[in-house]
Structure formats: C-alpha cells, structure tokens
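Excluded from the calculations below are hydrogen atoms, water molecules and symmetry mates; all remaining heavy atoms, backbone and side chain alike, are included. Numbering starts at 1 and runs along the sequence shown.
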Amino acid sequence: MGSKRPQSRHHVQPAAQRSLRVLVVGAGVGGISIARGLLRDGHDVTVFEQRPEVRAGGGAVTIWSNGETVLRQLGVDMGGAGQELSTVRVMTSTGRPMTTLDVTAIVNRMGAPVRMVPRRILLGRLLEGFPAERIRCNTRVVGVAEGGRGVRADFADGGCADGDLVIGADGLHSTVREIVGAPHAEPTGWCSWQGLATLPDGADRRVAFVILGEHGNLGFWPAGGTEVQWWFDLPWSPDFVRPGRPIEVLRANFTGWSELVDRVLATLTDDDLARSPYPHFRHPIPGPGHGAVTLLGDAAHTMPPTLAQGTNQALLDTMVLCKAISDLRGGADVSDALRRYEKTRRRRVAAVSRVASLQVSHGEAVLRPAAMVPDRVMTWVLATFLRAVSHRRMAADINRDLTPAPTTGSDEHAR
Ligand SMILES: Cc1cc2nc3c(=O)[nH]c(=O)nc-3n(C[C@H](O)[C@H](O)[C@H](O)COP(=O)(O)OP(=O)(O)OC[C@H]3O[C@@H](n4cnc5c(N)ncnc54)[C@H](O)[C@@H]3O)c2cc1C
C-alpha cells in the first residue's frame with residue numbers, strides 16, 4: 001500500500017483483517033467512492049477508467065440524507081457544495097398545487113442535509129485527498145477471469161492486472177455486468193433533456209419545482225450559486241430520431257406551463273441540449289454473483305431518475321460493501337463477503353428501483369388523487385421510505401465506530 005490515503009475526518013477502529021488487492025472498474029462516483037472506502041480500510045486498491053481523465057458529465061444530482069451520511073463516513077467534505085434544499089413543490093401544468101414536500105422535516109428525521117450538487121463538484125470533492133496514482137486512465141477493461149490465486153482483469157490494450165477481487169462500477173452499459181451474465185438494462189420509454197442554467201433573479205434558492213403534465217414533466221432544482229438544474233422529460237423509444245431543432249420540440253411541449261418555465265425556455269438554445277437526451281433505463285436486479293467479482297452503482301442497478309436516488313444508491317452500496325469486507329476474518333473467502341453485500345442490498349435497492357419506475361411521475365391524471373393527501377403525510381411517507389431502504393442500523397453502527405482522526409501523521413490512518 002502507498003502511504004497516501006484519502007483524507008478523512010474519521011478513523012476506523014483497527015480490526016483483525018487482511019489487506020486485499022482490489023480492482024475497481026470505472027472511476028465514476030460509484031468507483032471512486034468504493035475505492036476511497038477500501039483505501040481508508042487499508043486495502044490495496046486500483047481503479048481502471050476507460051476515459052483519458054476522470055471527468056463527470058451531465059448536470060447536477062440530488063444527494064439525499066442517505067447519500068450524505070455515506071459521504072460523511074468516507075470523510076468527504078461537502079460543506080458549501082451545491083445547494084441545500086428546504087422544499088420541493090409539485091404542481092400540474094395548469095398551475096394546480098399537488099403536493100409540497102417539506103425537505104427540512106426529512107432532513108430533521110434523517111439527520112443529514114439534502115442538497116443538489118453539480119456532478120463535477122461531487123466528483124471533485126470525492127477526489128480531494130484521493131491518491132491520483134491509484135487511478136489508471138485510458139484503461140478499458142474487456143475481460144475478467146478467475147483463477148486459483150485470485151482474479152485477473154484484462155485490458156483492451158493487451159495488458160492485465162491481478163487482484164483478490166474485482167468490483168464492476170462501470171455504469172449503465174457495464175462490461176463487467178455483461179461478463180457475469182446479468183440481464184441487460186431495459187429502456188423505460190422516457191428520456192430527460194437536462195442541464196444547468198443560470199437561476200432567474202428572485203427565485204428562492206432552497207425551493208425545487210416539479211411540474212407534471214399529461215404527456216411530460218419538468219423540474220427546476222437550484223444547484224448552488226446561480227446555477228439551476230433544469231430537466232424536461234418526454235417519451236422516448238429505441239428508434240428515436242434526434243430532432244434538428246430540439247429546443248423547438250421542448251418549447252412546443254412545455255411553453256405556457258408557468259412564467260418561470262417560459263423564461264427558462266426562452267434562454268435555452270440547441271447548444272444547451274447538445275448532450276441530451278438521456279434515455280431512462282432500468283436493470284433487473286441481478287441474483288447472487290459468483291466468485292470474487294461483484295457489481296456496484298449503475299452497473300448493478302441502473303434506475304430511472306424519478307426519485308433522484310441513483311448516486312445515493314451507489315453510495316449505499318459502498319457503505320454495505322466496505323462493511324461486508326471489513327467483517328471478513330482470517331482465512332475466510334472474499335466471495336462470502338461479496339455475497340453478503342449483494343444479499344444485504346438486493347431487497348432494498350429493488351424497492352427503490354421499483355418505486356422509481358412507477359409511471360405516476362409521468363402522468364398528471366394518475367397523480368391527481370395525490371393532491372388530496374395532506375402535504376405532511378406525503379413528506380412522512382417519503383421520509384419513512386428513505387429510512388426503510390437506507391440500512392439505518394448499519395449506518396448508525398458505522399458512525400458509532402468512527403472516531404475523530406488524529407490531527408498529525410497521515411500514516412496513523414493506516415492499519
Ligand atoms: C438524466 C439523469 C438524471 C439523474 N439524476 C440523478 C439525481 O438527481 N440523483 C441521483 O442520485 N442520481 C441521478 N442519476 C443517476 C446517476 O447519474 C447514476 O446513478 C450515477 O452516476 C452512477 O454512478 P456510477 O459510478 O455507478 O456510474 P457512472 O457514473 O456511469 O461511471 C461509470 C464509469 O465507468 C467507466 N467505464 C465504463 N466501462 C468501462 C470499462 N469497460 N473499463 C473501464 N472503465 C469503464 C465510465 O467511463 C465511467 O467513468 C441520474 C441519471 C440520469 C440519466
């Protein structure tokens with residue numbers, strides 16, 4: 001192990017545990033998170049990324065309290081990152097209020113903020129203090145093979161690396177997922193046109209908006225400073241043909257929904273839509289894996305962005321996988337820890353994916369009865385659901401085991 005480790009405000013109590021050679025495929029939020037956690041725990045971790053550099057694309061993501069809790073455990077300083085939210089207002093395209101979620105109440109129940117963070121900032125914070133030499137860019141993994149003395153990752157350039165385990169954190173169209181034979185992602189029939197824009201003057205920076213229509217929906221979520229994440233969801237199919245002037249398509253579908261919508265549509269151009277749309281996919285949650293290979297983040301469970309939980313679920317994977325590996329003792333087989341991780345995650349992540357895939361968010365008519373439910377009940381239901389799927393007991397145990405880091409001597413973090 002190198003002596004340079006992710007800076008952490010916390011120090012995990014030593015345990016009788018052997019150091020494993022861990023090969024992580026993919027340097028997205030999932031890959032860097034698990035690498036950070038396992039380096040913290042004293043393992044020899046290398047991340048392989050196919051791109052020439054570690055770079056976050058797209059706009060912003062919502063980090064809910066469950067994800068923020070894991071970031072704290074990883075020692076990631078999120079202070080001042082993005083925008084903390086207090087309220088989500090949901091209304092119809094005709095301006096009728098449907099529900100107002102009291103995010104502050106959720107934060108109070110779950111004990112950590114809910115914030116909107118541009119992806120580039122989130123990845124930047126995860127990489128603060130992360131040893132750069134642990135990431136090998138321009139390295140596309142094309143094969144994984146198990147042998148008597150561990151597991152080998154093969155690269156497109158003909159090279160390879162040996163380890164004790166491989167973690168496939170290689171996203172939606174994961175090569176590792178393909179290799180382990182897990183079923184492909186299916187399109188849900190929807191896509192998002194999305195990006196970041198400058199927040200209009202006078203807008204409340206802690207309040208997010210979702211507007212639902214009969215044939216689409218949109219959202220404006222403040223993402224820190226003057227930035228706002230906008231999205232427009234419309235139907236999509238695999239034979240989708242990109243329109244010549246996508247902004248005209250958005251204007252045709254969404255103009256008149258509100259004054260704010262019209263202002264944003266007036267400022268957007270086709271250039272702002274160049275990277276969109278992002279089709280929504282959903283993976284069937286895979287059954288138990290085999291041997292010393294497992295999946296994490298979108299490679300394991302891509303889900304539609306409806307609940308804004310994808311990144312948070314990758315962070316929960318990280319927490320549970322680190323715990324399963326740190327509970328490994330003596331001569332125990334590493335694959336036992338991986339199966340325990342998969343089993344612990346499966347039911348909860350399947351529940352999140354199922355709820356995120358409900359079509360209610362795409363139809364004003366389907367959601368109309370929701371307007372009858374008092375706001376505080378809706379807030380309570382969401383907070384209760386998030387608590388139920390967030391491994392609260394494990395998180396509390398881990399938080400208890402974390403103690404303030406010594407102020408000097410980075411090697412004191414090492415096991
Ligand atoms: C429109 C949209 C909006 C979203 N909004 C939210 C939100 O608000 N909140 C939220 O929590 N989530 C949101 N998500 C989901 C979120 O983006 C993902 O869940 C999250 O980025 C998954 O991270 P990951 O690290 O697993 O995968 P990725 O970010 O996809 O990273 C995978 C990495 O692996 C690399 N890679 C791939 N194949 C190989 C290979 N063979 N060899 C080496 N490297 C490889 C890739 O280059 C990439 O760097 C949204 C998703 C979409 C599409």
Side-chain angles (χ1 to χ4, degrees), residues 28-29 50-62 82-83 91-95 116-124 171-173 185 187-203 205 207-281 298 302 304-306 308 310-311 361-364:
V29 170
Q50 65 182 359
R51 295 187 182 143
E53 57 183 355
V54 179
R55 179 171 50 84
V61 288
T62 317
Q83 175 64 56
M91 60 190 73
T92 69
S93 56
T94 51
M116 201 65 192
V117 196
R119 285 166 196 263
R120 64 173 196 283
I121 293 180
L122 176 60
L123 201 57
L172 166 58
H173 300 295
T188 66
W190 288 87
C191 70
S192 296
W193 299 80
Q194 71 160 46
L196 290 166
T198 300
L199 202 63
D201 290 341
R205 285 169 193 233
V207 179
F209 286 91
V210 176
I211 309 184
L212 305 171
E214 288 297 348
H215 307 294
N217 67 76
L218 62 86
F220 295 134
W221 289 52
T226 59
E227 287 190 299
V228 61
Q229 162 97 344
W230 48 266
W231 84 76
F232 297 90
D233 282 5
L234 283 171
W236 183 90
S237 66
D239 57 6
F240 166 84
V241 178
R242 189 182 173 79
R245 297 286 325 276
I247 187 60
E248 297 304 338
V249 174
L250 295 192
R251 287 179 183 150
N253 277 281
F254 297 103
T255 296
W257 282 29
S258 80
E259 192 212 336
L260 179 61
V261 174
D262 291 354
R263 281 165 71 189
V264 172
L265 283 173
T267 62
L268 292 181
T269 67
D270 287 324
D271 286 346
D272 296 313
L273 303 171
R275 300 172 72 117
S276 295
Y278 298 89
H280 300 176
F281 283 88
D298 270 17
T302 291
T306 316
T311 304
S361 63
H362 295 301
E364 178 184 328

S.K.: Just so I know, are the side chains of Pro305 and Ser192 near enough to count as touching, which here means a heavy-atom distance under 4.5 Å?
M.R.: yes
S.K.: Looking only at heavy atoms, which two atoms of Asp270 and Gly244 are closest? And how far apart?
M.R.: OD2-O, 4.4 Å
S.K.: According to ring-ring contact (aromatic ring centres under 6.0 Å, His included), who are the partners of Phe254, at least two apart in sequence or on a separate chain?
M.R.: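 If we apply the ring-ring contact (aromatic ring centres under 6.0 Å, His included) test to Phe254, skipping adjacent residues, the hits are Phe232, Trp257.
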S.K.: If you define the side chain from C-beta out and look only at heavy atoms, does anything of Trp190 sit under 4.5 Å from Pro304?
M.R.: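 In short, these two side chains do not touch, never coming nearer than 4.5 Å.
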S.K.: Walk me through whether Phe220 and Val261 qualify under side-chain contact (heavy atoms from CB on, under 4.5 Å).
M.R.: CA-CA 9 Å; Phe220 295 134; Val261 174; 3.7 Å; yes
S.K.: For the pair Trp231 and Trp221, name the ring-plane relationship: parallel under 30°, tilted 30 to 60°, perpendicular over 60°.
M.R.: tilted
S.K.: Hey, are the side chains of Ser93 and Glu214 touching, using non-hydrogen atoms and a 4.5 Å cut-off?
M.R.: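 No. Closest side-chain heavy atoms not under 4.5 Å.
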S.K.: Please check if the number of heavy atoms outside Arg275 that lie under 6.0 Å from its CZ is greater than 12.
M.R.: no
S.K.: Within a 6.0 Å radius of atom CD on Glu53, are there more than 12 heavy atoms belonging to other residues, nucleotides or ligands?
M.R.: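 Yes, enclosed.
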S.K.: Can Ser237 and Asp239 be counted as having a side-chain donor-acceptor contact under 3.5 angstrom?
M.R.: yes
S.K.: side-chain contact (heavy atoms from CB on, under 4.5 Å) for Leu234 and Val249? Distances and angles first, verdict last.
M.R.: CA-CA 10 Å; Leu234 283 171; Val249 174; 4.2 Å; yes
S.K.: For Pro118 and Leu196, which heavy atoms make the closest approach, and how far apart are they?
M.R.: CB-CD1, 4.3 Å
S.K.: Looking at CG of Asp233 and CG of Asn217, how far apart are the two atoms once the value is rounded to the nearest 0.5 Å?
M.R.: 4.5 Å
S.K.: Provide the closest heavy-atom pair for Cys191 versus Pro277 in the form atom of the first, atom of the second, distance.
M.R.: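 The pair with the smallest heavy-atom distance is SG-CB, 3.6 Å.
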S.K.: When Trp230 is tested against each of Leu260, Thr267, Leu268, Leu218 for side chain to side chain contact (heavy atoms under 4.5 Å, CB included), which residue passes?
M.R.: Leu268
S.K.: Any idea which heavy atoms bring Phe281 and Pro187 closest together, and the distance?
M.R.: CD2-N, 3.6 Å
S.K.: Taking only residues two or more places apart in sequence, or in another chain, which ones meet Asp262 in a side chain to side chain contact (heavy atoms under 4.5 Å, CB included)?
M.R.: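 Asp262: side chain to side chain contact (heavy atoms under 4.5 Å, CB included) contacts with Thr255.
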S.K.: Can you tell me how far the CD atom of Gln194 sits from the CG atom of Asp272, to the nearest 0.5 Å?
M.R.: 12.5 Å
S.K.: For the atom pair CG (Leu122) and CE (Met116), what is the distance rounded to the nearest 0.5 Å?
M.R.: 11.5 Å
S.K.: For the side chain of Arg55 and the backbone of Arg120, is there at least one donor-acceptor N/O pair under 3.5 Å apart?
M.R.: no
S.K.: Starting from the C-alpha separation in whole Å, work towards a yes-or-no answer on side-chain contact (heavy atoms from CB on, under 4.5 Å) for Leu250 and Leu273.
M.R.: CA-CA 10 Å; Leu250 295 192; Leu273 303 171; 3.8 Å; yes
S.K.: Quick check: does any side chain N or O of Gln229 sit under 3.5 Å from a backbone N or O of Ala60, one acting as donor and the other as acceptor?
M.R.: yes
S.K.: Ignoring hydrogens and angles, tell me if any N or O in the side chain of Arg205 forms a donor-acceptor pair with the backbone of Gly225 under 3.5 Å.
M.R.: yes
